[in-house]
Amino acid sequence: EWWRGVRFAAPVDVWVVGVTSQRVRDTIQQKLFGRLGRMGTGMIPKKYIVEDSQIKKTGTPMAIDRIDIKHESGGLSSIQFFSYDQGMEKFMGSSVNIVWFDEEPPSDIYIEGLTRTNATAGMVMMTFTPLLGMSDTVRRFLMEKPPGTHVTSMTIDDAEHYTPEQREAIIASYPAHERDARTKGIPSLGSGRVFPLAREQIQVQSFPIPDHWPQLCGI
């Protein structure tokens, strides 16, 4: 009863999308259903999974293409798996209630997935680290901020199962120019920093510049 987020009173059609079919199998599929060969050990309890409805994906061993899930109303929801390498055309035509993009989608595929939820007043979710920098997709949410959108940022400090020493070691293991993106979710500008330095190393508090200091304005 404590949940105050979106609820669906009737069965839903869900698309789950990742980079490639193999990556989808090894990441999202595993999170939802459990490790390969151990169906029901993931986020969705085994008693709700209609295993007989499972359709395997051609060309990727043990990857699921589509499967039904029992809904509390007595009906059946469906989950279908896609990948970005299938191209935008694969995402045209249908109407669905939920689209979950794992890893940053190309802009055209994101827009097409968003369009699939218009008729159902559904929702689109994305989970990723902004390693592609200030891309069109990231800019849309961090700078344009369309109505009805929300960004939840998680930093390494929110991962409370790490000790301070473990966090420090993890941060140090990344190249300097990737640390903000990987540990704070802060996208780099353009395709990456010109100089691989943390801002804190060269930044000081603002102070009046003496008149006799040489000044250079670069644009």
Side-chain angles (χ1 to χ4, degrees), residues 1-8 12 14-49 51 60-64 67 69-70 72 77 79 81-84 98-105 110 113 123-135 137-138 140-142 145 149-189 192-193 196-201 203:
E1 292 95 5
W2 56 267
W3 177 248
R4 294 292 179 266
V6 176
R7 284 183 179 273
F8 292 93
V12 291
V14 182
W15 283 359
V16 179
V17 196
V19 179
T20 66
S21 295
Q22 183 175 341
R23 292 302 301 149
V24 170
R25 179 197 64 190
D26 296 341
T27 54
I28 319 172
Q29 179 180 314
Q30 179 177 311
K31 288 287 191 296
L32 292 176
F33 299 110
R35 294 187 178 277
L36 298 179
R38 297 173 59 191
M39 179 71 79
T41 58
M43 294 168 63
I44 302 176
K46 187 178 180 67
K47 63 182 179 180
Y48 298 123
I49 302 170
E51 293 192 54
T60 307
M62 301 190 74
I64 299 173
I67 193 167
I69 308 296
K70 296 176 183 177
E72 66 175 1
S77 295
I79 299 179
F81 294 88
F82 294 94
S83 57
Y84 305 146
I98 303 172
V99 181
W100 173 19
F101 292 110
D102 187 54
E103 300 303 343
E104 183 176 348
Y110 164 72
M123 63 185 294
V124 175
M125 304 182 295
M126 291 188 287
T127 49
F128 64 88
T129 301
L131 296 178
L132 301 180
M134 193 60 74
S135 63
T137 302
V138 170
R140 176 181 178 85
F141 293 96
L142 293 188
K145 301 179 180 179
T149 63
H150 174 74
V151 176
T152 298
S153 297
M154 179 178 176
T155 73
I156 194 170
D157 293 319
D158 295 307
E160 296 180 350
H161 56 286
Y162 292 134
T163 64
E165 293 76 20
Q166 287 174 322
R167 290 194 190 99
E168 187 176 336
I170 291 171
I171 292 171
S173 70
Y174 293 123
H177 64 283
E178 289 188 4
R179 284 175 189 163
D180 279 353
R182 291 193 179 274
T183 64
K184 300 178 184 178
I186 299 173
S188 58
L189 296 178
R193 291 180 178 170
L197 296 171
R199 184 187 296 255
E200 292 77 15
Q201 292 181 252
Q203 179 175 280

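Along the sequence shown, the residues carry numbers beginning at 1. These values consider heavy atoms only, across backbone and side chains, with no hydrogens, waters or symmetry-generated copies.
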>> Which residues pass the side chain to side chain donor-acceptor pair (under 3.5 Å) test with Trp15, not counting sequence neighbours?
In response: none
>> Taking salt bridge (charged side-chain N to carboxylate O under 4.0 Å, His left out) as the definition, give me every residue that meets it alongside Lys184, ordered by chain and number, with sequence neighbours left out.
In response: Asp180
>> When you measure from the side chain of Arg7 to the backbone of Arg4, do you find a donor-acceptor pair of N or O atoms at a distance under 3.5 Å?
In response: no
> Sub-3.5 Å donor-acceptor pair from the side chain of Thr149 to the main-chain atoms of Lys145, do we have one?
Replying inline: no
>> Tyr84: which residues meet the ring pair (Phe, Tyr, Trp, His ring centres under 6.0 Å) condition with it, sequence neighbours left out?
In response: none
>> Once salt bridge (charged side-chain N to carboxylate O under 4.0 Å, His left out) is applied, what residue pairs with a partner in residues 153-163 remain, sequence neighbours excluded?
In response: none
> Got a sec, which residues hit ring pair (Phe, Tyr, Trp, His ring centres under 6.0 Å) with Phe128, two or more places apart in sequence or on another chain?
Replying inline: none
>> Applying the side-chain contact (heavy atoms from CB on, under 4.5 Å) criterion to Ile79, which one of Ile64, Ile44, Ile49, Ile98 satisfies it?
In response: Ile44
>> With rounding to the nearest 0.5 angstrom, report the OH to CZ distance, Tyr174 to Arg179.
In response: 11.0 Å
Ignoring hydrogens and angles, write down the donor-acceptor pairs under 3.5 Å from the side chains of residues 31-43, residues two or more places apart or on other chains.
| unit_1 | atom_1 | unit_2 | atom_2 | d |
| --- | --- | --- | --- | --- |
| Thr41 | OG1 | Arg38 | O | 2.8 |

> Excluding sequence neighbours, so at least two apart, what forms salt bridge (charged side-chain N to carboxylate O under 4.0 Å, His left out) with Glu51?
Replying inline: Lys46
> Are Phe101 and Phe82 near enough that their ring centres are under 6.0 Å apart?
Replying inline: no
>> Ala63: which residues meet the side-chain contact (heavy atoms from CB on, under 4.5 Å) condition with it, sequence neighbours left out?
In response: Arg25, Gln29, Lys57, Thr60
> How would you list, by chain and number, every residue that makes a side chain to side chain donor-acceptor pair (under 3.5 Å) with Arg23, sequence neighbours excluded?
Replying inline: none
> Residues in side chain to side chain donor-acceptor pair (under 3.5 Å) with His161, at least two apart?
Replying inline: none
>> Between Ile156 and Ile170, does the side chain to side chain contact (heavy atoms under 4.5 Å, CB included) criterion hold? Intermediate values first, please.
In response: CA-CA 9 Å; Ile156 194 170; Ile170 291 171; 3.7 Å; yes
> Who are the side chain to side chain donor-acceptor pair (under 3.5 Å) partners of Asp26, not counting sequence neighbours?
Replying inline: none
> Who passes salt bridge (charged side-chain N to carboxylate O under 4.0 Å, His left out) against Glu178, sequence neighbours left out?
Replying inline: Arg182
